[in-house]
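All of these numbers come straight from a predicted model, not from anything done at the bench. In each ligand, atom 1 is the first atom listed, and ligand 1 is the first ligand listed.
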Amino acid sequence: MQKRSMHDISKPLVIGNWKMNPETLREAHLLFSHVKKQSGALKMQAAVAPPFVFLGALARERGGKYLALAAQNVHTERSGTFTGEVSARMLKSIGVTYVIIGHSERRAMGETDETVAAKVKVVCKTNMTPVLCIGESERDAAGGYLGTVEHQLKSGLSALTKKQVASTIIAYEPVWAISGGSGKGKTATPTDVHEMKLFIQKVLADSYGRKTAEAITIIYGGSVNASNARSLLEEGMVDGFLTGGASLKAKEFNTILKIAHAH
Ligand code: PGA
């Protein structure tokens, strides 16, 4: 059976992006233990991406066999005079498995395509799995948004070998569908998501061949919740989710895990 890093590819991958939440270590422990319990009960791989400051403590607590840790960002350099930054080897050394790169909220803070590509590269080189976020800000009737997604995808993977490309995770997150700050809170339909998955696979197949394109995990993010998760998996046909707001509510996130498990 095909494996994606520590992952069984036959089940969808659900990653909770906690963003700058929760406010205290105590709450982080509580949320983590609820999710750990559920993923353990389902015997299903899942991951959460807490803020850096909580990663070490949660790594010590350990997610067991089923709950992995993801980071929300990384620096491109190994070490040195970069105040406030965290390197890939640091993350690897505490047991981080996935690193979210190029999230639209970080791109809005000035992260460039070049930096995103360099981060994706350093994460692969350090034997972790990059979760490359791509997605348009708006949809235009002329289909210009497809060009945006194609550009972000190609440039994000541009520093990788074909073998490294095959082990990446692509998170399609249309900015207009992300809840809270940067998004407008609309939801992408399963049809929108399915069409974009096919488009991403076509771009990947043109660059790297069909076999590599099919090996790549393509997940969706943007207002995923317990009510739309099933149809996004069934009709959207994505390989999992990057979940923001809903990952902060243990009950709702655990329901999404159950839906993914039943898929
Ligand atoms: P959301 O965020 O689920 O709250 O829309 C998703 C994300 O930004 O990763």
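The CG atom of Asn17 lies 6.5 Å from the OG atom of Ser247; values are rounded to the nearest 0.5 Å.
Put simply, the residue from Leu13, Ile15, Val224, Asn228 that forms a side chain to side chain contact (heavy atoms under 4.5 Å, CB included) with Phe241 is Val224.
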Donor-acceptor contacts under 3.5 Å from residues 256-263 side chains, at least two apart:
unit_1	atom_1	unit_2	atom_2	d
His261	NE2	Leu42	O	3.2

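The local environment of CE in Met109 is crowded, with over 12 non-hydrogen atoms from other residues, nucleotides or ligands closer than 6.0 Å.
Contact between Pro22 and Ala28 at its shortest, heavy atoms only, is CG-N, 3.5 Å.
Listed by chain and number, residues touching ligand 1 at under 4.0 Å (heavy atoms only) are Asn17, Lys19, His103, Glu173, Ile178, Ser179, Gly222, Ser223, Leu242, Thr243, Gly244, Gly245.
Salt bridge status for Lys211 with Glu214: absent, with no side-chain N to carboxylate O gap under 4.0 Å.
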